[in-house]
Number of protein chains: 2
Amino acid sequence: MQITRAGEYGVLGMMYLARRDDGAARKTAMIDEVSRAEKVPKSFLAKIFQNLARAGLVKSVRGAGGGFVLAKTPTEITVLEIVEAIEGKITFQRCKQDKPDCKHIGGCALCGLFEQAQGGLTDVLTRTTLDDLIKRQERIDTTHDHSAGRLSNSQKDAIVR
Amino acid sequence: MQITRAGEYGVLGMMYLARRDDGAARKTAMIDEVSRAEKVPKSFLAKIFQNLARAGLVKSVRGAGGGFVLAKTPTEITVLEIVEAIEGKITFQRCKQDKPDCKHIGGCALCGLFEQAQGGLTDVLTRTTLDDLIKRQERIDTTHDHSAGRLSNSQKDAIVR
DNA sequence: TTATTTTAGGACAGAATCAGTCCTATTTAA
DNA sequence: TTAAATAGGACTGATTCTGTCCTAAAATAA
């Protein structure tokens with residue numbers, strides 16, 4: 001169980017893609033664009049997007065004019081999917097996975113509790129879709145500052161180049 | 001955010017202590033005894049118990065006949081307290097802690113979500129006391145095998161020596 | 001065809017964390 | 001005074017994290 005930078009960057013990247021393709025036109029975004037917009041190391045982000053592509057969350061388009069697009073709509077993608085695509089299955093439940101018959105005294109109860117705690121965590125991440133996350137952000141943006149547009153200024157900068 | 005071996009061993013050690021001091025008589029248990037009973041490396045466990053002692057969850061008694069005792073009753077100790085005493089505050093909420101004004105596009109919503117997910121996790125661990133954990137284990141023991149006693153056989157072995 | 005632009009994937013590396021070990025105090029009981 | 005216990009610091013090998021870099025492959029544009 002962990003949420004690493006990679007997972008964090010992955011979600012941010014997905015949020016960028018989701019906000020970027022406005023309505024019907026699903027445009028690709030290059031790694032370079034995303035990395036500059038989200039201020040995340042480019043080659044690291046490239047690796048992360050490879051994982052997202054392999055997991056079928058984004059589609060990659062090679063060659064000039066290529067980049068990445070969401071493979072599904074934001075309402076169909078959960079945050080847990082994103083994170084697990086990058087970091088592997090989330091689990092901090094130890095003894096059971098290491099040895100099916102755990103020999104700890106009281107170990108089983110502990111495993112059970114950890115499993116439950118982990119459930120508390122993953123439930124939240126499963127219930128939240130990419131779309132939810134973006135709507136949250138929009139609420140924050142419109143109440144805290146006055147940029148009501150779909151793209152923030154730094155995103156526009158990144159696109160214009 | 002992580003649950004490491006150290007945290008796991010710590011909870012197991014605390015469970016051992018709690019099960020051991022039967023009723024009124026709060027007896028000390030040595031690291032050596034606990035480590036053999038729970039099959040956990042002794043010197044590692046010693047370090048872990050130092051943390052538990054510093055956090056005020058156990059009291060240490062030095063010298064011959066010494067060892068560790070719970071500082072409170074099992075109903076007053078939550079699993080989260082134990083884990084955090086060993087691993088430090090549980091948090092996988094990144095940007096906010098690193099830089100109070102997170103500059104990620106959509107970062108704030110993400111931070112919020114992570115905070116919420118973390119809450120889902122810690123809630124479970126806060127709500128579960130050491131006593132709850134032991135009762136869970138007793139239910140498992142009595143339904144799965146037929147050692148209905150307060151101490152398991154391996155615990156008795158550990159005490160008898 | 002060739003050059004250019006993009007991702008794919010593997011190798012590598014420095015830093016941090018994990019999971020311990022070991023050694024030397026220090027405290028206490030006998 | 002000796003033996004038995006914890007306290008605490010230093011150290012270490014293994015693993016994981018957080019990247020970078022380089023070459024290959026694919027697609028486009030000239």
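Proteins come first, then strands; the chains are lettered A, B, ... in the order of their sequence lines, and each starts at number 1.
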Between P on D:dG19 and CZ on A:F49, what's the gap in Å once rounded to a whole number?
15 Å
Tell me whether the OP1 or OP2 atom of C:dT17 has a side-chain N or O from B:T4 closer than 4.0 Å.
no
Cluster question for you: counting only ILVMFWY and a side-chain heavy-atom cut-off of under 4.5 Å, with indirect links fine, are B:L17 and B:V61 together?
no
Base, sugar-phosphate or nothing for A:A6? Non-hydrogen atoms, less than 4.0 Å.
sugar-phosphate
Listing request: all side-chain hydrogen bond (donor to acceptor under 3.5 Å, both in side chains) pairs with a residue in residues 47-58 of chain A, at least two apart in sequence or in separate chains.
A:N51-A:R54
Distance, rounded to the nearest Å, where A:D32 contributes CG and D:dT20 contributes P:
13 Å
Please state how far atom CG in A:L45 lies from atom P in D:dG19, giving the value in whole angstrom units.
11 Å
Whole-Å gap separating P (D:dA4) and CD (B:E33):
16 Å
Do B:T129 and B:D132 have side-chain atoms, one donor and one acceptor, less than 3.5 Å apart?
yes
Please list residues of residues 57-68 of chain B whose heavy atoms come under 4.0 Å from any atom in DNA chain C, ordered by number; otherwise none.
B:R62, B:G63, B:A64
More than 12 heavy atoms of other residues, nucleotides or ligands under 6.0 Å from NZ of A:K42: is that the case?
no
Atom CD of A:Q50 and atom C1' of D:dA25 are separated, to the nearest Å, by 12 Å
The side chain to side chain donor-acceptor pair (under 3.5 Å) partners of A:T75 (sequence neighbours excluded) come to A:T73
CD of A:E87 versus P of D:dC17: gap in Å, rounded?
7 Å
State which residues pass side chain to side chain donor-acceptor pair (under 3.5 Å) with A:R62; sequence neighbours excluded, sorted by chain then number.
none
Residues two or more places apart in sequence or in another chain: which of them pass side chain to side chain donor-acceptor pair (under 3.5 Å) with A:D123?
none
Under 4.5 Å between side-chain heavy atoms, counting indirect links through other Ile/Leu/Val/Met/Phe/Trp/Tyr residues: same cluster for B:I31 and B:V69 or not?
no
Using whole Å, what does the distance between atom C1' of nucleotide D:dA7 and atom CD1 of B:I48 come to?
15 Å
Quick check for you: among C:dG9, D:dC17, D:dA5, whose closest atom lies nearest to any side-chain atom of B:M30?
D:dA5
Tabulate atom names and distances for all N/O pairs under 3.5 angstrom spanning the protein and nucleotides 20-24 of chain C.
| unit_1 | atom_1 | unit_2 | atom_2 | d |
| --- | --- | --- | --- | --- |
| C:dG20 | OP2 | B:Y9 | OH | 3.0 |
| C:dT21 | OP2 | B:S43 | OG | 3.4 |

Rounded to whole Å, please give me the gap between CD1 in A:I3 and P in D:dT16.
17 Å
Using salt bridge (Lys or Arg N to Asp or Glu O under 4.0 Å), reason through B:E33 and B:K27 one step at a time and then give a plain yes or no.
CA-CA 12 Å; B:E33 176 186 333; B:K27 296 177 298 182; over 6 Å; no
